[in-house]
**Student:** 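Next up is a structure, given as structure tokens.
Quick note: numbers below take in every heavy atom, side chains included, and nothing from hydrogens, waters or symmetry partners.
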Amino acid sequence: MSSPVLKTLSLLLGLFFIFVGIIKISNIVSKELHKDLRKEYVKYAKVFPFSDLLDFKIPSKWYRRTVGVLEIVFGAALAFYPNHKIKNGANMGLLVLTVMAMYSHYMVADRLERTAPAIVFFFLLCGRLVVFFQIQKKELLAAEQPTSNGFKQE
């Protein structure tokens, strides 16, 4: 599967999530943005979706760091790992993280400009999966089609 669209989407989405993950765990890129994220994650940790199920309140520092590390790992797999099963797994992991981000923004009543990036990247990740499945379906159909001499293409 060597679609330039799929490769480009995977690379750009992966690099974006690596960048965002680095901002969450370190102040190397921007001290102000990192400080703002630290303050926001205090609110997000209070509405963590599994805290009621697990009867456990997650510290905001560890929530932010865990999300940041997962974004870096999934982003690196999406951008650089050659296996499509791993890429799709990373895509699904990032989808879960963006859904949790949208949930957190909704629960703390953030404004649209704060929620919009999560919504946009949710749709971009969904679009990447759609492109992958379309290409896979097209390749499967092409492999089943007999050639002019009556034999299947290999």
Side-chain angles (χ1 to χ4, degrees), residues 1-30 33-34 36-38 40-41 43-54 56 58-145 153-154:
M1 226 177 273
S2 60
S3 166
V5 172
L6 189 61
K7 285 182 180 180
T8 303
L9 264 174
S10 297
L11 181 66
L12 292 176
L13 283 169
L15 290 175
F16 170 78
F17 279 102
I18 290 170
F19 177 72
V20 170
I22 289 171
I23 289 173
K24 286 179 182 160
I25 63 172
S26 171
N27 63 0
I28 293 172
V29 177
S30 170
L33 190 54
H34 179 72
D36 183 47
L37 280 172
R38 284 176 34 201
E40 292 298 317
Y41 263 84
K43 294 189 293 188
Y44 302 151
K46 290 178 183 173
V47 295
F48 180 66
F50 304 115
S51 61
D52 292 336
L53 284 173
L54 303 173
F56 173 73
I58 188 166
S60 63
K61 177 173 146 178
W62 290 107
Y63 184 37
R64 176 180 45 84
R65 287 180 179 177
T66 302
V67 169
V69 167
L70 287 174
E71 286 176 343
I72 292 169
V73 170
F74 290 148
L78 189 63
F80 305 118
Y81 204 80
N83 185 331
H84 286 289
K85 288 183 181 179
I86 302 294
K87 282 184 181 283
N88 288 342
N91 197 132
M92 293 304 293
L94 289 169
L95 274 171
V96 168
L97 290 175
T98 56
V99 167
M100 285 179 54
M102 290 188 298
Y103 172 81
S104 296
H105 288 299
Y106 174 75
M107 292 303 289
V108 299
D110 274 340
R111 297 183 313 249
L112 181 62
E113 58 261 9
R114 201 141 185 84
T115 310
I119 295 169
V120 168
F121 282 96
F122 171 80
F123 285 120
L124 285 171
L125 289 164
C126 288
R128 189 211 163 270
L129 281 178
V130 168
V131 169
F132 171 79
F133 289 123
Q134 285 180 339
I135 291 169
Q136 187 179 38
K137 182 178 177 182
K138 183 179 175 184
E139 288 179 355
L140 287 173
L141 289 174
E144 293 175 359
Q145 294 294 326
Q153 288 182 328
E154 302 257 345

**Student:** Would you please indicate if the ring centroids of Tyr106 and Tyr103 are separated by under 6.0 Å?
**Tutor:**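 Judged by ring-centre distance (under 6.0 Å), Tyr106 and Tyr103 do not meet the cut-off.
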**Student:** State the NZ-CD1 distance between Lys24 and Ile22, to the nearest 0.5 angstrom.
**Tutor:**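 The distance works out to 12.0 Å.
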**Student:** Would you please test Phe80 and Leu15 for side chain to side chain contact (heavy atoms under 4.5 Å, CB included) and show each step?
**Tutor:** CA-CA 9 Å; Phe80 305 118; Leu15 290 175; 3.7 Å; yes
**Student:** Can you see which heavy atom on Ile58 is nearest to which on Ala45, and at what distance?
**Tutor:** O-CB, 3.6 Å
**Student:** Quick check, are the ring centers of Phe74 and Phe17 under 6.0 angstrom apart?
**Tutor:** no
**Student:** Count the heavy atoms of every other residue, nucleotide or ligand shown that sit under 6.0 Å from CD1 of Ile28, and state whether that count exceeds 12.
**Tutor:**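 Counting other residues, nucleotides and ligands, CD1 of Ile28 stays at 12 neighbours or fewer.
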**Student:** Under the criterion side chain to side chain contact (heavy atoms under 4.5 Å, CB included), I'd like the reasoning laid out for Lys87 against Asn91: C-alpha separation, chi angles, the key distance, then a yes or no.
**Tutor:** CA-CA 6 Å; Lys87 282 184 181 283; Asn91 197 132; over 6 Å; no
**Student:** Would you compute the distance between atom CG of Leu12 and atom CZ of Phe16 and round it to the nearest 0.5 angstrom?
**Tutor:** 11.5 Å
**Student:** Report the residues that fulfil salt bridge (charged side-chain N to carboxylate O under 4.0 Å, His left out) with Arg114, sequence neighbours left out, ordered by chain and then residue number.
**Tutor:**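 Once residues adjacent in sequence are excluded, the partners of Arg114 under the salt bridge (charged side-chain N to carboxylate O under 4.0 Å, His left out) criterion are Asp36, Glu40.
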**Student:** If you look at every heavy atom in His34 and Ile25, which pair is closest and at what distance?
**Tutor:** CE1-C, 3.9 Å
**Student:** Rounded to the nearest 0.5 Å, what's the gap from CG on Leu129 to CG on Leu6? Could you check?
**Tutor:**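 Separation between the atoms: 9.0 Å.
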**Student:** Between Cys126 and Leu95, is any pair of side-chain heavy atoms under 4.5 Å apart?
**Tutor:**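 Side-chain contact under 4.5 Å: yes.
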**Student:** Please give me the minimum heavy-atom distance between Leu78 and Ser10, naming the atom from each residue.
**Tutor:**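 Taking every non-hydrogen atom into account, O-CB, 3.3 Å.
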**Student:** What is the minimum heavy-atom distance between Ala118 and Met102, and which atoms define it?
**Tutor:** CB-CG, 3.7 Å
**Student:** Taking everything shown except Lys43 itself, do over 12 heavy atoms lie less than 6.0 Å from its NZ?
**Tutor:** yes
**Student:** Check whether any side-chain heavy atom of Tyr63 sits under 4.5 Å from a side-chain heavy atom of Val67, and report yes or no.
**Tutor:**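 Contact flag for Tyr63/Val67 side chains = yes.
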**Student:** Is it the case that atom CZ in Phe19 sees more than 12 heavy atoms from other parts of the structure closer than 6.0 Å?
**Tutor:**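 Atom CZ in Phe19 is not packed in, count stays at 12 or less.
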**Student:** Nearest 0.5 Å, please: how far is CZ in Phe121 from CG in Leu97?
**Tutor:**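 Reported value, rounded in 0.5 Å steps: 14.0 Å.
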**Student:** Angle between ring planes, His105 versus Tyr44, binned at 30° and 60°: parallel, tilted or perpendicular?
**Tutor:**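 Ring orientation, 0 to 90° scale: perpendicular.
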**Student:** Of all the heavy-atom pairs spanning Gly75 and Leu94, show the shortest one and how long it is.
**Tutor:** N-CD1, 4.3 Å
**Student:** Once rounded to the nearest 0.5 Å, what's the spacing between atom CD1 of Ile18 and atom CD1 of Ile23?
**Tutor:**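 Between Ile18 CD1 and Ile23 CD1, I get 12.5 Å after rounding to 0.5 Å.
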**Student:** State, to 0.1 Å, how close Gly14 and Ala79 come at their nearest heavy-atom pair, and which atoms those are.
**Tutor:** CA-CB, 3.9 Å
